[in-house]
Student: 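Starting off with a structure, shown below.
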Amino acid sequence: MIFPEDFVWGAATASYQIEGAVKEDGRGQSIWDTFSHAPGNVANGDTGDVACDHYHRYQDDVGLMRELGLAAYRFSIAWPRIQPDGWGSINPRGLAFYDRLVDALLEADISPYVTLYHWDLPQGLEERGGWTDRDTAFRFADYAQAVHDKLGDRVGDWATLNEPWVSAYLGYGNGVHAPGQRDPAAAMRSAHHLLLGHGLAARRLRDGGARRIMLVVNSAPVLTPAQVNDPAAVPGEADAAAVHRIHTLLTRQFLDPAVNGTYPAEVLEAAERNGGAGHIKDGDLELINAPIDLVGVNYYNPCVVESGPGLPADAAWPGSEGVRFATADAPTTAMGWPIVPDGLSRLLVRLSRDYPRVGLMVTENGAAFEDVVENGRVHDADRVAYLNGHLREVWRAIEAGADLRGYLVWSLLDNFEWAEGYRRRFGIVHVDFTTQTRVLKDSAVWYRDVIARNGL
Ligand code: NCW
């Protein structure tokens, strides 16, 4: 299986998950500093204070990327390094770090893919309401422009937000992520303000001459339990309605406004039932609908649902009344996430058909497993099998006509896995968090060969 000649191979990380150095060079506090330091929020009380110490070791880490032959590296910028409180003057020492990183990547012939927001909101903005407050969207656009002004001469590929569904619904809905609020109305408001921030920022990036702009979503095929193992299974009417509803809340809620400038009726209805839709102002959809080039797809597993008559909405899913979240009959990763590789091809083909105006890129795919270091090696056969299985499906999706430009593995390094702390390892490179030693896992060596061959 050989991939198209210009197919982009790479890896991804995020600032709070790898950088550490949380008090250095004028960095302000983020909601994840606050959240991880409050007892009970993160497994083992882990925090991102040190993480992979990438802030100090970025040159060695770029060396690893070069060794693997990556063509692209997707990283995120920590907003509180650039504007410690989230607004006002720019902190040049914070920007300088990313300036050095970009130069090191270009020197290694690796294209930088910059994500502007991967969940580390400045705490100062959270104190003014965070994403529940409309003003945050405008502050985000200012920040995006400041970063583009500095890096835009060397960075062509820009992502505004990573997984706005997660920011809104885990951050403000079920409280599993920072800032830990549990309020469906706040979550729905946040989702809209995240979208508004995306649109406003996308326009500033475009005006500044950005080459490619994308929005990254945690999309997934929504399937009944029967459809997981049998793509041809036809659900009954009630189950089909549950599937449609969750697909709308997970994917259409974000891509319909961003790509087509419309909100699905079900989303507006859900907002009406959860605090009202007054936060959606006239003209917002036009702003959100700023032209983008690509949708970034982070895929890990399908979302499995069926009809659940009389069930209340799940805390992370306002509007999901009458839906039961089910389990897939499939093996799972260490996160407990089911492994369903052909979910990826089903998803990509559908998104390409539903949103023909944009290209697609797999901006994250990968898995956590219980890795063991033996004589300085990590034989992560399960991760190799996961990646191999999913890459086959990427190839199948391209064959089926999906407009897919590249694939980025999550993640380059083992890192701070949010509420799971350091106990869940997604890296293709093992990190010993006591010594900061990096070791290529078997999956990294395997991936290097895939890249070199441009295929499987
Ligand atoms: S937790 C999560 N992740 C992992 C994280 O390390 C990365 O930063 C994220 O972009 C791996 O990839 C993403 N995502 C949250 C998934 C929540 C799924 C909730 C159900 C939706 C169907």
Side-chain angles (χ1 to χ4, degrees), residues 11-19 30 32 35-36 41-43 46 48 51-52 74-76 78 113 115-120 159 161-171 173-178 187 191 214-223 228 242-243 245-254 296-305 314-318 320 323 325-328 332-338 340 343-344 347 361-369 383 386 390 408-428 431:
T13 63
S15 48
Y16 190 70
Q17 296 184 271
I18 65 166
E19 286 178 356
S30 80
W32 269 97
F35 187 77
S36 65
N41 287 333
V42 176
D46 290 342
C52 308
R74 170 175 175 246
F75 61 95
S76 79
Y113 279 59
T115 303
L116 287 162
Y117 185 73
H118 200 129
W119 308 353
D120 39 3
L161 307 173
N162 180 69
E163 302 188 351
W165 184 91
V166 172
S167 297
Y169 294 103
L170 302 193
N174 73 4
V176 169
H177 281 188
M214 66 176 145
L215 172 65
V216 174
V217 292
N218 54 307
S219 190
V222 183
L223 308 171
V228 171
V243 164
R245 172 145 303 242
I246 297 306
H247 174 68
T248 299
L249 294 174
L250 179 63
T251 298
R252 295 183 57 220
Q253 179 172 10
F254 296 93
V297 179
N298 295 350
Y299 173 76
Y300 293 91
N301 50 263
C303 191
V304 186
V305 303
D314 182 278
W317 299 91
S320 71
V323 173
F325 289 87
T327 47
T332 57
T333 69
M335 295 289 282
W337 295 351
V340 184
L344 180 52
L347 175 65
M361 176 144 190
V362 175
T363 37
E364 292 182 23
N365 174 243
F369 289 106
R383 187 171 291 100
Y386 181 100
H390 285 75
L408 311 178
V409 70
W410 183 270
S411 179
L412 178 72
L413 302 170
D414 290 337
N415 61 47
F416 175 78
E417 179 44 47
W418 308 115
E420 298 294 334
Y422 296 100
R423 69 180 180 181
R424 296 290 175 254
R425 294 175 175 274
F426 274 90
I428 56 172
V431 178

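Only a predicted model underlies this, so the values are computations on that prediction, with no experimental measurement involved. When a ligand or atom number is given, it counts from 1 through the structure's own listing order.
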Student: Using the ring-ring contact (aromatic ring centres under 6.0 Å, His included) criterion, which residues pair with Phe75? Sequence neighbours excluded.
Tutor: Tyr73
Student: Indicate yes or no for a side-chain donor-acceptor contact from Asn301 to the backbone of Pro338 under 3.5 Å, with no hydrogens or angles considered.
Tutor: no
Student: On the 0 to 90° scale, with breaks at 30° and 60°, tag the Tyr300-Phe426 ring pair as parallel, tilted or perpendicular.
Tutor: perpendicular
Student: Show me the short polar-atom pairs for ligand 1: any N or O of it lying under 3.5 Å from a protein N or O, with distances only.
Tutor:
| residue | atom | partner | partner atom | Å |
| --- | --- | --- | --- | --- |
| ligand 1 | 6 (O) | Gln17 | NE2 | 2.9 |
| ligand 1 | 6 (O) | Trp410 | NE1 | 3.3 |
| ligand 1 | 6 (O) | Glu417 | OE1 | 2.4 |
| ligand 1 | 8 (O) | Gln17 | OE1 | 2.8 |
| ligand 1 | 8 (O) | His118 | NE2 | 2.8 |
| ligand 1 | 8 (O) | Trp418 | NE1 | 2.9 |
| ligand 1 | 10 (O) | His118 | NE2 | 3.4 |
| ligand 1 | 10 (O) | Asn162 | ND2 | 3.2 |
| ligand 1 | 10 (O) | Glu163 | OE2 | 3.4 |
| ligand 1 | 10 (O) | Glu364 | OE1 | 2.8 |
| ligand 1 | 10 (O) | Glu364 | OE2 | 2.9 |
| ligand 1 | 12 (O) | Tyr300 | OH | 2.8 |
| ligand 1 | 12 (O) | Glu364 | OE1 | 2.7 |
| ligand 1 | 14 (N) | Glu163 | OE1 | 3.3 |

Student: Start with the C-alpha distance between Arg245 and Ser320, add both sets of side-chain angles, then the distance that settles side-chain hydrogen bond (donor to acceptor under 3.5 Å, both in side chains), and finish with yes or no.
Tutor: CA-CA 7 Å; Arg245 172 145 303 242; Ser320 71; over 6 Å; no
Student: Applying side chain to side chain contact (heavy atoms under 4.5 Å, CB included) between Trp317 and each of Val305, Asn174, Val323, Ile246, report the one that passes.
Tutor: Ile246
Student: Under 30°, 30 to 60°, or over 60°: which ring-plane class applies to Phe369 and Tyr386, parallel, tilted or perpendicular?
Tutor: perpendicular
